[in-house]
Amino acid sequence: MENYNPQKIEEKWRKIWEAKKVFQADLKEAKNPYYNLMMFPYPSAEGLHVGNVYAFTGSDIHGRFRRHQGFDVFEPIGFDAFGIHSENFAIKKGIHPKILVKKNVDNFRHQLKNLGCLFDWGHEVNTTDPKYYKWTQWLFLQLYKAGLACRKKAPVDWCPSCKTVLADEQVINGKCERCDSQVIQKETEQWFLKITNYAEKLLKNLEHLSEGALGSKIKITPEMAKAGIDWSEKTKFSQKNWIGKSEGALIKFKIKKEPYEEKKGSSEIEVFTTRPDTLFGCTYLVLAPEHPVIKEFKTKILNLKNVEKYIEETRKESETDRLNEEKEKVGVELKGIKVINPVNQREIPVWIADYVLVHYGTGAVMAVPCHDQRDFDFAKAYNLPMIEVISSYQKEPLPKKVSQVVSNGTFEKAYEGDGVLINSGRFDGMNSKEAQEKIVEWLNKKDQSAKKSVCYKLRDWLISRQRYWGAPIPMIYCEKCGWQPVPEKDLPVLLPYTKNFRPKGTGVSPLDSIESFVKAKCPKCKGNAKRETDVCDTFMDSSWYFIRYPSTNFNNKAFDNEITKKWLPVDMYIGGHEHAVLHLMYSRFITMALKDMGLIDFEEPFKKFRAHGLLTKEGAKMSKSKGNVVNPDDYYKKFGTDTLRTYLMFLGPFEQGGDWQDLGINGVKRFLEKIWLLSGEIKNKSGGENDILLNQTIKKVTEDLENLRYNTAISALMILVNHLSENKDQLTVKSFKTLLLLLSPFAPHLTEELWQKINYPGAKLSAYLSGNSIHSRPWPEYNPKLIKEKTATLIIQVNGKIRDKIEVNVNISKEEAEALAISREKVKNWVAGKEIKKVIFVPEKLINIVI
RNA sequence: GCCCUCGUGGCGGAAUUGGAAUACGCGUAUGGCUUAGGACCAUAUGUCGAAAGACUUGUGGGUUCGAGUCCCACCGAGGGCACCA
């Protein structure tokens, strides 16, 4: 028999599979559609990262498993090639992104074809292709028409290195997600998508799936509804945190005015609070420096110079400095302005301070120094009054987190827990939880100065980028008619070629200098107008690509209704957890919006999502600077794709990741070689189906694949192979073919080669039919009667310590087992002369004699 | 600061409802085969001990006939959120 030569057989099979279209699902005729998706890569210049290979292999194994189970699996792939990451690299290299990206994509495609995945190349998507981004622009127009895209002026995060604004989600600890530079605040007008309209829905489906969330095709059972969407818990948790729902109340504080000015301007300042029960302890208000009331009442502020100076200083500060908790709380009083606390009509001062954020709640807070640590610090610094209104003293035991320390009648720390109300008029003695409801009710009835409310941390999605390498936002500005959408018939708005693609840093896109691009006719009045020159955030491209995949052959629409209904939502999505609040949340938002427009019938894009773990190299994180990045090319050239795939999956639990060790791959190489050699030693043509280990292995591998526990599935297969090579009498055609089938998702080439040799010996390759492929065979089933051995090793314990073991029939009774156990010499030594108090018997496992 | 996840041999990692801790693999050692091997085969491989046996899943306690698994406290690592009112 020839040696195992992966290089030879792998290339051969890939060519055959492609030529015979073995893995292409018939999207129109498929009876049992299963959409298996993986996060499409962005084609970086370094080529495919081993992390990509890891993710794609794990996802592909799932797709192959489902294929064996009789599903028509659609497994597409594409390229997320627009965006700052690609552009920054092009700038660094001094090559135009259009040229560089094409080169990278070609290289990626070549590498991806070596991975042995089920990819359907007939449905490749490339976000930089006008045939694709035409529909990204179309999507923007639909959102605009639905009132979900709007232009607004707001303080936004600006990356001075990338020279563009960023979405809230792209700022990590005050730094740019892409280049790690400190971001600064800028006040400009930008395009936003109103994701906040969907805050509640985005949150709700995580906890409880609503009816129809997965479309008309998938019925939601009460269990599914109760569990919430079937996603990795970690990812759901991150999204919940990001959405950040708080329940509380809005409370209006009347601004005190002289009789002659009573009708002028705003009459109140509204605050949001989660603790309306502490309202009697509110001794001042604090506004964000950007709060509009400040400008409005400019003339009333007695210390206007100080106030303006403070606002100016705040603006210069970076967001990170501003949000630094260590920083002392600093602020200025708005002298001359007083508001009335609605619960007791007390006149209280108004301050401004930078720790209050303008974009959360109402941009104003009520300060209760005794029961909020920030207010406490601030009040202490400026000597503001404090009133204790919640007493931690209760009849019941004190709650655990009592931080209140009273010394000489003054607090050293705010008490933020629940308790009983004091100093609160008619509410004295009431429990704080109850008072939260009652105080709001009372104020609402009295003069409507309070109402229940909900706040979210989630902010609208800023999608404008002052960059070149993206899909142009399809809008036109006309002096007369204002902002006008580009008519759909004029799409795509092509990204023009320019040599000067570098970001200018002036706050406008490089497209702004291309006169032929900027000049446009107003779609409404046909007069001269100016085109929007910003491009879309790259996350907009990827927010809907999974809808495009099945419809790539429709050039006249973004997606075909029939095909979409048949294939979506995605059955299984696998990717990195790092996109929890970026791509994964944007995609959910876009899907919900499309559903509300009546364009699709599901609101959740991904029925199931699993995040894969992270790969490390010999215990350390892989990074270019450390030079310890594993290059997959080296390994599949040396060991073959099958060995690389199987080794990656053997490293550890797929959802937790694993540690790559160069020497470790040898173990998997030996394992596959062993199988290759074993195939030449099959002597028994019949039998095998009754082997207990074989049936156990089928059960184990099937369950493990279902739960993405690939590492233990491989280990079970290794045990089977070891067993067969040690017990050649059990090495039958049946047992070996079952082994090949169980292994085929991991090592598709090797198993196909051996399968063909065994089933069609001497057949010519030209006679190969896709139906004869091992990958088209049904998944093996086990006989439940044959997974149990007839005898078992019974552990004999004395007082819980193992003293002996005996081989017994699995049906042995407790009495028999006990008699057997105490008759054993070893056991006698331990129990002799002692009274047996109790005997615990676990059938097939153990017997424990307690003395 | 708050929340989440996780601590098992020299290493990656196994361990159904609490029931043989260390499966599988790497590495290592010894022997075989070989001109040679970083190839292959066999055996061994948690610690202490000559052995019987004792000890061992981050540390300390608890529940239990029995705890890696459940409960409490602490220590350590990783991740998320972070002045969100």
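Everything numeric here is computed off the predicted structure, so don't read it as measured data. Letters A, B, ... mirror the listed sequences (proteins, then strands); counts begin at 1.
With B/G80, B/G12, B/A85 as the candidates, the nucleotide lying closest to the side chain of A/Ser246 is B/A85.
Look at the P atom in both B/G58 and B/A51: the space between them is 28 Å, to the nearest Å.
Distance A/Glu233 CD to B/C4 P: 13 Å, rounded to the nearest Å. Atom pair A/Lys617:NZ and B/G12:C1' shows a separation of 14 Å (rounding to whole Å applied). Taking atom CZ of A/Phe272 as the reference point, atom P of B/C83 lies 16 Å away to the nearest angstrom.
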Can you pull every protein N or O that's under 3.5 Å from an N or O on nucleotides 15-21 of chain B?
unit_1, atom_1, unit_2, atom_2, d
B/G19, N2, A/Gln797, OE1, 3.4

Which atom pairs link the protein and nucleotides 25-31 of chain B when you take only N or O atoms and keep those under 3.5 Å?
unit_1, atom_1, unit_2, atom_2, d
B/G25, OP1, A/Asn722, ND2, 3.1
B/C26, OP1, A/Arg670, NH1, 2.4

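Counting all heavy atoms, side chain and backbone alike, A/Ile822 lies closest to A/Val827 at CA-CG1, 4.2 Å.
A salt bridge links A/Lys452 with A/Glu437: the distance from a Lys NZ or Arg NE/NH1/NH2 to an Asp or Glu carboxylate oxygen falls below 4.0 Å. No salt bridge links A/Lys638 with A/Asp634; every basic N to acidic carboxylate O contact stays at or beyond 4.0 Å.
With both pairing distances under 3.5 Å, B/C70 is matched to B/G62 as a Watson-Crick or G-U wobble pair. Base-pair partner of B/C6: B/G76 (Watson-Crick or G-U wobble, both distances under 3.5 Å). Searching all strands for a Watson-Crick or G-U wobble partner of B/U22 with both distances below 3.5 Å returns nothing. Base-pair partner of B/C33: not found among the strands shown (Watson-Crick or G-U wobble, both distances under 3.5 Å). Remark: B/U28 base-pairs with B/A44; criterion is Watson-Crick or G-U wobble with both hydrogen-bond distances under 3.5 Å.
Along RNA chain B, the nucleotide nearest to A/Gly363 and the one nearest to A/Arg803 differ in position, and the one closer to the 5' end is contacted by A/Arg803. Sequence order on RNA chain B of the closest nucleotides to A/Thr274 and A/Lys826 puts A/Lys826 first from the 5' end.
One finds a side-chain N or O of A/Lys801 lying less than 4.0 angstrom from the OP1 or OP2 phosphate oxygen of B/C55.
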